[in-house]
Amino acid sequence: MSDATTIEWTRADDGTSGATWNPVTGCTKVSPGCAHCYAETFAERFRGVAGHHYEQGFDLRLWPERLELPLRWRRPRRIFVNSMSDLFHEDVPTAYVREVFEVMQGASWHTFQVLTKRHQRLVELAPQLPWPPNVWMGVSIENRRFVERADALRQVPAAVRFISAEPLLGPLAGLSLEGIHWLIAGGESGPRARPMHPAWVMDLRDRCQAAGVAFFFKQWGAHLPETAGGDRISGRLVLLDRSGRRHRQAPPVTAGAEQLVRMRRVGKGQAGRQLDGTTWDEYPSDRAREGPT
């Protein structure tokens, strides 16, 4: 939990600072996107360290003493809720989830981002929760098997509904962007990272543009395609070609399949945020923030 964060899509474009708030920590895996969870890796480093916040590792734990923390932050912030957990985890009591939402409702000067992979419980609890305009609700979708999470999200009366396609592990065929205001896409980082094919993320970018959905490209991740372009961004981007138009074609896999693209693994801190020479860091429009559609 931090009064500041380096998560790009939590830092606001209008100068509002970003923060994380973890009234719950710890989680369990539910889908392939969880396989190399950064939060679990971090928390487990401290398992058994007496007195540390993560003395219990990544075991689920409620922190009621943290509930009112946003109310004490007087300067407006964009706050990622439970960066170290999932608020809709089945072991988080419904009453506790409601308390978290009531705090977000009371802290109306902040903007809260809630992200879950547990879409079924989200839909189950949504009618029991307040949905003030400062709460953005999102679901993680890593491959086509889980596009139904977006269908569930559309049932939620959040002012802003967003999708986190990170780590993007496959094409999102069948994903409808109807009723979605924002899509974040990115590749996986870390020593065991799985590569993200450029075609997958380019398709999402094009579909967002066609549907009028704000698109935020976070990073290529540990595997940087030679087709990528751009300059170093915040010390995180190192590319072979600044133009972003390095043409190195390869034969298609099969007719109608994705084109082969050469990929190279990059070092730590070089995960790359430019897509085809452009930094895509759009945010939901003010019109979307006025209320649910």
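Worth knowing before you read on, the calculation uses all heavy atoms, side chains too, and leaves out hydrogens, waters and symmetry mates.
A donor atom on one side chain and an acceptor atom on the other are found under 3.5 Å apart for Arg98 and Gln128. Side chains of Arg121 and Thr94: a donor-acceptor N/O pair is present below 3.5 angstrom, by distance only.
Between Asn134 and Ser108 the shortest heavy-atom distance is ND2-CA, 3.6 Å. Between Met84 and Ala43, the shortest heavy-atom distance links the atoms CE-CB, 4.4 Å. Residue Asp86 comes nearest to Val92 through the heavy atom pair O-CG2, 4.2 Å, listed as atom of the first residue, atom of the second, then distance. For the residue pair Glu188 and Ala193, the shortest heavy atom distance occurs at O-CB, 3.3 Å. Summarising the geometry of Ala158 relative to Met137, their closest heavy-atom pair is CB-CB, 3.7 Å, with the distance given to 0.1 Å. Of all heavy-atom pairs spanning Arg154 and Ile180, the tightest one is NH1-CG1, 3.9 Å.
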All N/O donor-acceptor pairs, side-chain side in residues 162-178, below 3.5 Å, sequence neighbours left out:
from	atom 1	to	atom 2	distance (Å)
Glu166	OE2	Lys218	NZ	3.3
Ser176	OG	Glu178	N	3.3

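Listed by first and then second residue, the ring pair (Phe, Tyr, Trp, His ring centres under 6.0 Å) pairs involving residues 84-106 are Phe101-Trp131 (not counting sequence neighbours).
Annotation: the span from His197 atom NE2 to Asp203 atom CG amounts to 12.0 Å, rounded to 0.5 Å. Note that NE2 of His119 and CZ of Phe146 are 8.5 Å apart. Values are rounded to the nearest 0.5 Å.
For Trp73 and Trp21, the gap between ring centers reaches or exceeds 6.0 Å.
Judged as a side-chain hydrogen bond (donor to acceptor under 3.5 Å, both in side chains), and not counting sequence neighbours, Ser85 has no contacts.
For the pair Arg161 and Trp136, the cation-pi criterion (under 6.0 Å, within 45° of the ring axis) is not fulfilled.
Remark: of the listed residues Phe42, Phe58, Phe46, Trp63, Trp63 is the sole one forming a ring-ring contact (aromatic ring centres under 6.0 Å, His included) with His53.
Salt-bridge annotation for Lys29 and Glu40: present, with a side-chain N of the basic residue lying under 4.0 Å from a carboxylate O of the acidic one.
Side chain of Arg192 to main chain of Ser189: no donor-acceptor pair is present (N/O by atom type, distance under 3.5 Å, no hydrogens or angles). With hydrogens and angles ignored, the 3.5 Å screen pairs no side-chain donor or acceptor of Asn82 with any backbone N or O of Val114. His110 places a side-chain N or O within donor-acceptor distance of the main-chain N or O of Arg77, the cut-off being under 3.5 Å.
Taking a 6.0 Å sphere around CD of Glu44, one finds it holds more than 12 heavy atoms contributed by other residues, nucleotides or ligands.
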* Please assess Met104 against Val100 for the test side chain to side chain contact (heavy atoms under 4.5 Å, CB included), listing each intermediate value before the final yes or no. => CA-CA 6 Å; Met104 294 190 290; Val100 171; 4.2 Å; yes

